**Student:** 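Would you mind keeping the following structure in view while I ask a few things?
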Amino acid sequence: MRRFPNLVAAVAAVVLLAGCGSGAATPAPSEGGPQSAGGSGDTLVVYTNSNGEGRGDWLTAKAAEAGFKIEIVGAGGADATNKLIAEKNNPIADVAFGLNNMYFSQIKNEGALEAYQPSWAGDVDKELGDGETYWPLVKQAILLGYNSDKFSKDAAPKDWTDLWTKDAFKSRYERVTGLGTATAQLVFAGILSRYRDDSGDLGVSDEGWKQVEQYFQNGSPAVAKTDLFARIASGEVDMGQMPSSIIADREKSFKVNVETVIPSVGVPLAVEQVALVKGSKKKEQAQKFIDWFGSAETQGQFAKQFNSMPVNKGAQAQANPEVVDFFADLKQQDIDWDFVQENMGAWVEKIELEYMT
Amino acid sequence: MTGTPVRGMVRSPFVLVVGAVLTWFIAAFLVWPNINVLIATFFPDGSFSGRAAEKLFSSQRAMKALGNSFLLAVALSVTVNLVGIFIVLMTHYFRIRGSRILFLGYASTFIYGGIVLAAGYKFIYGDKGIVTSLLVKVFPGMDAGWFSGFFAVLAVMTFATTTNHMLFVANALKGIDYQTIEAAKNLGASTWTILRRIVLPMLKPTLFAVTILSFLTGLGALSAPQVLGGRDFQTITPMILTFTNSPTSRDLAALLAVILGLATMVMLSVMSRLEKGGTYFSVSKVSSELQKQEITNPVANAAVHAVAYVLFAVYTLPVVLIILYSFADGAAIQTGQLSLGNLTLDNYVRVLTQQSGLRPFIVSVVYSALAALIAVGGLLFVARLLQKYRNWVAAAFEYLLHIPWILPSALLALGLIISYDHPNPLVGGAVLTGTTVILLIAFVTVKIPFTLRMLKASFASVNSSLEEAATIMGAKTLYVFRRILLPLVLPAAAAVTALNFNSLLDDYDTAIFLAHPLVQPLGLVIKANTDGAEGTEGIANTFVYTVLLMVITGLTMYFVYGRSRRRTGRKRLPGSPSVPGTAGQALPGAPAPGEDDAARPAAAVR
């Protein structure tokens, strides 16, 4: 106990010093360790929402082999979008990738992207990007999947609308509890686009909004931190929305069999893109990185590693043949993305406020 | 204490220096960025519209969720007090067998919380939970889904948020003068009468304060309703988060946040009014230390023991299961099937052998420690002055310092970006975005309201005669501060520092917008490893990170708080019997670590 006063004095000194520093030292970026991102050597700063499940580490290592020093900053799609827009006056990122066309067109409208034509622009379908600032990398289908042990192909739903119009599926499908994710937004883009009516509320007819209402009334609400596949495995629900890339893996983990529904209007596609950030201080290096990352070789390796569907035609040979076949047969839903992009914010707001119960 | 005229205040150089620094800090980091973000939100085209209010008030769902949040806030204020007072009495007032073990169990809420805590309770009481399975065997007719809705959310949040009771009410209890209790006993008062007429009244200021915290926690509830609320009991925080993320709906988020913020301020002012005018500490010059009380009635004694141990089980089972499940694979976690044979170290190996390795942990520890120390260090001066000088200037400063409680942290971060992405004279013409400093500033500001309330309270409990004596003997302001006041408030300051440190460790909402790309803190890594991919690895990673954070926060609590607690229990300055105890006397503050909190809504783990 004798030592105690000394200890107090020492702690007090530390606290006091820190306290004195709080006013004077913190705002002066010249002191301590602050470093400007712009001056962080030749490291390219890459924003993405596609760094999970080891993708970020894999890409960093591969890029290093190709002579690019990159630092990946991961964030959800909406977070990354907001961050890029907020930073547009003094950008920190050099490259952004993984966000879908809806997010990128939002960023582009805010003037935070720089036009660039990558060397591989000829190997991809320009329609999937904007042909100017953001360029397509990976295709993802947003699907309705069902437990094929419980429903035969004939008994299964044929379209999203069957879920709430046929009694067999009511309460047997999982419905979302929030529209914050890209997947959920794309599902609604796919449904609402069918009911486009310029005289309707937010460009959608009353009939369209009725579908949304029914979707929420008849579905089983998603459970936080419990995957749809876990709920299918335990028999709580039998079907729900899922992006194509996760299906094979989850089937194995949860020991369930899932088949997907291809409605006659087709399936909405989410296309992950890459773009150069306007105001990048390492523009040339960033352009070289984009050229390398979107190339047939890199995209092919990426597809092989993560079971994805590359847009680059040269890369498809290396992708999982099952995945390539699936997309070859897939009918893509014809969606007017300008219309969707223009209205999505208001749709999300209306759905959250009026239809989600 | 009476008010001090403003003129008297500006005569002290100490006041002038602290005042100048504080004015600059408030202007630069609390007012300017938030005005910018609110203007951008409410006046997007330069003109104001009542759109947000109109939309919100006509939405049934928004109104119901808002109502649920308020209902939860009020209910929690009651239930947390009941459970909290009970466990404090068990561990610090009555002679209960094994009270040290009980303490450890009850203290488990210090170190974890949020979504994983809710998941832990679900493993036990959910439809496939251990307890539910047992109950169904005994009562075959019962509904396996009994543990959901308002009742389940309230129960889980009650047990999850007694942290403040264990810290501050327990401290206040230790400050009670035992001579009063002995005197009452000699006069023939029963155990119950003593408790009701002597002990609880002395705890009142602290109880008011923790009540505010419980209210705040209920208002900001996020993960417990998401996991256990079901269709009928959802709260407003998830909606605020969705709207914050959407530029076209951000005005709705800001409006909702402001409504919750105002409710908090009203609660604060009501509580401080209730508290005014009472004398809550012993005025005896020689006080003696509290001794544990026997419960003489054997039946009551047995019943109290039984309840205490049942609560112990309620508190510890989720922690044990979370630790066990962190060794299981993700599918087992989500389907609730645990078999001892399947437990492996794979999850830990995967998390700890990532390329980023331990670096994010170190970055977070350094950032959190710096922010916690700066907030407490700086506010020691401020709290002292605000407590000493009571006038309109001081009151204005105090309210301004509560701004971070009103807005969600994502908006605070956006405000800092749009205010400091160009050279700004407020910070000497520097550009702050893209530097390592901006995140530190944000971390410090979000911790200001809680820190200020706690420190101010602890200064209020310092017996002013000590200071007067020193001043009469010729001690200077800083000397009095350093040698007399500081040692007395240090235990409280250390506890606040520890709580601040713990709650910043896994921050995501602020860091995602402000972190330097080369110095990324833990929250971002956790998010990358747990989000979206909820499938299998993601959920297992969540559990691993929770356990790793438990280790860090547990150590912090032990080093900082556990040691000072023991120390103040033994040594007390004569004449200031209530000093260590009433650390929490005025105590409002932000929720302690592990609680849901509107201010840090989307943390990945907690």
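Labels below follow one simple rule: chain letters A, B, ... track the order of the sequence lines, proteins then strands, and each chain is numbered from 1. Keep in mind that what you see is a predicted model, and the values were worked out from it rather than measured.
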**Student:** Between A/Y103 and chain B, with a heavy-atom cut-off of 4.5 Å, which part of the residue counts as in contact: side chain, backbone, both or neither?
**Tutor:** neither
**Student:** Look at A/Q106, A/E349, A/K255 and state which one has the largest set of heavy-atom pairs under 4.5 Å with chain B.
**Tutor:** A/E349
**Student:** Check whether B/T242 gets within reach of chain A through its side chain, its backbone, both or neither, counting any heavy atom under 4.5 Å.
**Tutor:** side chain
**Student:** Within the 4.5 Å heavy-atom criterion, are B/Q520 and A/E71 side-chain neighbours or not?
**Tutor:** yes
**Student:** Would you tell me whether A/N90 and B/Y420 have side-chain atoms, one donor and one acceptor, within less than 3.5 Å of each other?
**Tutor:** no
**Student:** When rounded to the nearest 0.5 angstrom, what is the spacing between CG in B/L524 and CG in A/N51?
**Tutor:** 9.5 Å
**Student:** Within the 4.5 Å heavy-atom criterion, are A/V223 and B/K122 side-chain neighbours or not?
**Tutor:** yes
**Student:** Just verifying a value: how many Å separate B/Q234 CD and A/M356 CE, rounded to the nearest 0.5 Å?
**Tutor:** 10.5 Å
**Student:** With only heavy atoms counted, which part of B/F513 is less than 4.5 Å from chain A, the side chain, the backbone, both or neither?
**Tutor:** both
**Student:** Let me know if B/K64 has heavy atoms under 4.5 Å from chain A in its side chain, its backbone, both or neither.
**Tutor:** neither
**Student:** Most heavy-atom pairs under 4.5 angstrom with chain A, which of B/S59, B/G428, B/A40, B/S58?
**Tutor:** B/S59
**Student:** If I measure from the heavy atoms of chain B, does A/T177 come under 4.5 Å with its side chain, its backbone, both, or neither?
**Tutor:** backbone
**Student:** Give the interface residues of residues 54-64 of chain A toward chain B, defined by a heavy-atom separation under 4.5 Å.
**Tutor:** A/D57, A/T60, A/A61
**Student:** So, using side chain to side chain donor-acceptor pair (under 3.5 Å) as the criterion, who are the partners of A/S220 when residues are at least two apart?
**Tutor:** A/R231
**Student:** Compare every heavy atom of B/L414 with every heavy atom of A/A86, then report the nearest pair and how far apart it is.
**Tutor:** CB-CD2, 3.8 Å
**Student:** Is the closest side-chain heavy-atom distance between A/V73 and B/P517 below 4.5 Å?
**Tutor:** yes
**Student:** Kindly check if the number of other-residue, nucleotide or ligand heavy atoms within 6.0 Å of CZ (B/R483) is above 12?
**Tutor:** no
**Student:** Report yes or no: does B/R61 contribute a side-chain atom to a donor-acceptor pair with the main-chain N or O of A/E352 at less than 3.5 Å?
**Tutor:** yes
**Student:** I'd like to know if the side chain of B/D421 reaches the main chain of A/E87, judged simply by a donor and an acceptor atom lying under 3.5 Å from each other, with no hydrogens or angles considered.
**Tutor:** no
**Student:** Which region of B/L252, side chain (C-beta onward) or backbone (N, CA, C, O), has a non-hydrogen atom less than 4.5 Å from a non-hydrogen atom of chain A, or is it both or neither?
**Tutor:** side chain
**Student:** Does any heavy atom of chain A fall under 4.5 Å from the side chain of B/Q226, the backbone, both, or neither of them?
**Tutor:** both
**Student:** Could you tell me which portion of B/I512 (side chain, backbone, both or neither) has an atom closer than 4.5 angstrom to a non-hydrogen atom of chain A?
**Tutor:** both
**Student:** For the atom pair CD1 (B/I417) and CD1 (A/I85), what is the distance rounded to the nearest 0.5 Å?
**Tutor:** 11.5 Å
**Student:** With a 4.5 Å heavy-atom cut-off, do B/V227 and A/T226 have their side chains touching?
**Tutor:** no
**Student:** Within a strict 4.5 Å, meaning less than it, do heavy atoms of the A/N82 and B/P247 side chains meet?
**Tutor:** yes
**Student:** Is the shortest side-chain heavy-atom distance between B/T248 and A/W347 below 4.5 Å?
**Tutor:** no
**Student:** Under 4.5 Å from any heavy atom of chain B, what part of A/I72 do you find: side chain, backbone, both or neither?
**Tutor:** backbone
**Student:** What part of A/S253 gets within 4.5 angstrom of chain B, counting heavy atoms only: side chain, backbone, both, or neither?
**Tutor:** both
**Student:** Do you know which two heavy atoms are closest between A/G345 and B/S246, and how far apart they sit?
**Tutor:** CA-OG, 4.3 Å
**Student:** Using 0.5 Å steps for rounding, measure from the CD atom of A/E354 to the CD atom of B/Q60.
**Tutor:** 10.5 Å
**Student:** To the nearest 0.5 angstrom, please state how far the CG atom of A/L179 sits from the OG atom of B/S249.
**Tutor:** 10.5 Å
